[in-house]
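Worksheet: one structure, shown below.
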Amino acid sequence: MVGEEGAFVLGWDEVLTEEELSTTLKVLCMSEEEFKEYKEQDGWEDNSEEEENSTLSNEALSRLKTPCKKLLYDSVLLTLESYGSDLKAEQDLLNNKEAYEKLSRREQQALHVRYGQKRILHQLLELVH
């Protein structure tokens with residue numbers, strides 16, 4: 001269900017790997033009985049209308065069922081814990097011109113990437129909390 005990278009791709013406005021995340025959430029939030037039925041049917045029948053309405057925009061994420069929201073929330077917390085620093089530390093470093101200029105160009109770029117990733121993850125926490 002998850003792509004080769006083993007991760008989902010989130011943007012500012014929506015989930016970019018929406019089909020993978022949607023399917024994963026559906027499966028992980030199934031009861032044992034629902035999962036047995038899912039396996040027996042070898043997945044869901046193609047339903048193009050359902051697929052068209054399954055866009056995981058930020059608004060749609062905030063309307064997920066509680067078990068799915070909790071699963072996403074806990075997953076985001078685990079992902080944030082995997083970073084060596086928190087969002088505030090990154091922001092403080094970005095705002096400290098003297099400390100920022102001591103970083104190599106590569107370290108500055110990595111800082112911007114980490115900061116952007118953490119902001120998106122914090123936005124997702126707000127949406128599913």
Side-chain angles (χ1 to χ4, degrees):
M1 287 179 268
V2 181
E4 291 178 21
E5 301 281 323
F8 301 107
V9 181
L10 306 171
W12 282 111
D13 301 317
E14 64 187 17
V15 176
L16 302 177
T17 54
E18 65 186 62
E19 185 177 337
E20 291 92 342
L21 180 59
S22 180
T23 301
T24 300
L25 287 174
K26 284 178 186 177
V27 170
L28 292 176
C29 294
M30 285 180 179
S31 67
E32 187 176 343
E33 185 69 29
E34 290 169 326
F35 185 68
K36 284 180 184 176
E37 184 177 322
Y38 173 78
K39 281 177 46 177
E40 288 171 6
Q41 293 179 1
D42 198 24
W44 290 285
E45 294 179 17
D46 288 337
N47 185 345
S48 57
E49 186 177 316
E50 182 180 319
E51 290 301 316
E52 288 177 20
N53 295 327
S54 69
T55 301
L56 287 178
S57 64
N58 287 349
E59 183 181 331
L61 287 169
S62 66
R63 292 191 317 256
L64 288 172
K65 293 178 182 177
T66 301
C68 292
K69 288 169 75 170
K70 171 128 178 63
L71 181 62
L72 270 178
Y73 187 86
D74 291 345
S75 298
V76 170
L77 287 180
L78 285 172
T79 302
L80 286 169
E81 287 174 10
S82 71
Y83 286 97
S85 60
D86 63 11
L87 182 66
K88 184 175 178 347
E90 305 288 4
Q91 192 169 23
D92 290 346
L93 185 53
L94 283 168
N95 291 333
N96 183 335
K97 187 175 181 178
E98 185 178 312
Y100 179 79
E101 289 177 354
K102 288 181 182 177
L103 299 174
S104 70
R105 182 76 180 134
R106 176 176 247 165
E107 289 170 324
Q108 290 174 355
Q109 290 172 339
L111 174 63
H112 283 283
V113 169
R114 283 192 316 270
Y115 180 68
Q117 290 171 342
K118 290 176 187 177
R119 285 188 55 212
I120 289 172
L121 290 169
H122 278 273
Q123 175 181 287
L124 182 56
L125 282 178
E126 291 297 318
L127 291 169
V128 297
H129 186 54

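Below, each value reflects all heavy atoms present in this structure, side chains not excepted, and no hydrogens, waters or symmetry copies. Keep in mind that what you see is a predicted model, and the values were worked out from it rather than measured.
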Here the pair of heavy atoms bringing C29 nearest to P67 is SG-C, 3.9 Å
Separation of F35 CZ from M30 CE (nearest 0.5 Å): 7.5 Å
Could you grab the distance from atom NZ of K65 to atom CG of L71, nearest 0.5 Å is fine? 14.0 Å
Does I120 belong to the same Ile/Leu/Val/Met/Phe/Trp/Tyr cluster as Y115, with side-chain heavy atoms less than 4.5 Å apart forming each link? no
E59: what forms a salt bridge (Lys or Arg N to Asp or Glu O under 4.0 Å) with it, not counting sequence neighbours? R63
Among all residues two or more places apart in sequence or in another chain, which pass the side chain to side chain contact (heavy atoms under 4.5 Å, CB included) test with S104? R106, E107
Under the salt bridge (Lys or Arg N to Asp or Glu O under 4.0 Å) test, residues paired with K36 that sit two or more places apart: E32
To the nearest 0.5 Å, what is the distance between CG (L111) and CG (L94)? 4.0 Å
Sequence neighbours excluded, the answer for side-chain hydrogen bond (donor to acceptor under 3.5 Å, both in side chains) partners of T66 is none
Y100: what forms a ring pair (Phe, Tyr, Trp, His ring centres under 6.0 Å) with it, not counting sequence neighbours? H112
Closest heavy-atom pair and its distance - S57, E14: CA-CB, 3.7 Å
Mind listing the closest non-hydrogen atom pair of Q108 and E101 along with its distance? NE2-CA, 4.0 Å
Counterpart residues, side-chain hydrogen bond (donor to acceptor under 3.5 Å, both in side chains), relative to T79 (two or more places apart): none
For K69, all residues meeting salt bridge (Lys or Arg N to Asp or Glu O under 4.0 Å), sequence neighbours excluded: none
Of V15, L64, L28, the one forming a side chain to side chain contact (heavy atoms under 4.5 Å, CB included) with L72 is L64
Residues at least two apart in sequence or cross-chain that pass side chain to side chain contact (heavy atoms under 4.5 Å, CB included) with D86, listed by chain then number, are K88, A89
Close side-chain approach of E33 to E37, heavy-atom, < 4.5 Å: no
Between R119 and L87, the two heavy atoms sitting closest are CG-CD1, 3.7 Å
Would you say that L121 contacts L10 through its side chain, given a criterion of any heavy-atom pair below 4.5 Å between the two side chains? yes
Connected-component partners of V9 among ILVMFWY, side-chain separation under 4.5 Å: L16
Could you give the side-chain donor-acceptor pairs of residues 122-129 under 3.5 Å, partners two or more places apart or in another chain?
| from | atom 1 | to | atom 2 | distance (Å) |
| --- | --- | --- | --- | --- |
| Q123 | NE2 | W12 | O | 2.7 |

Between the CG atom in L77 and the OG atom in S82, the distance rounded to the nearest 0.5 Å is 11.0 Å
Non-neighbouring partners of Q117 that pass side-chain hydrogen bond (donor to acceptor under 3.5 Å, both in side chains), sequence neighbours left out: Y83
Counterpart residues, side chain to side chain contact (heavy atoms under 4.5 Å, CB included), relative to A99 (two or more places apart): L93, N96
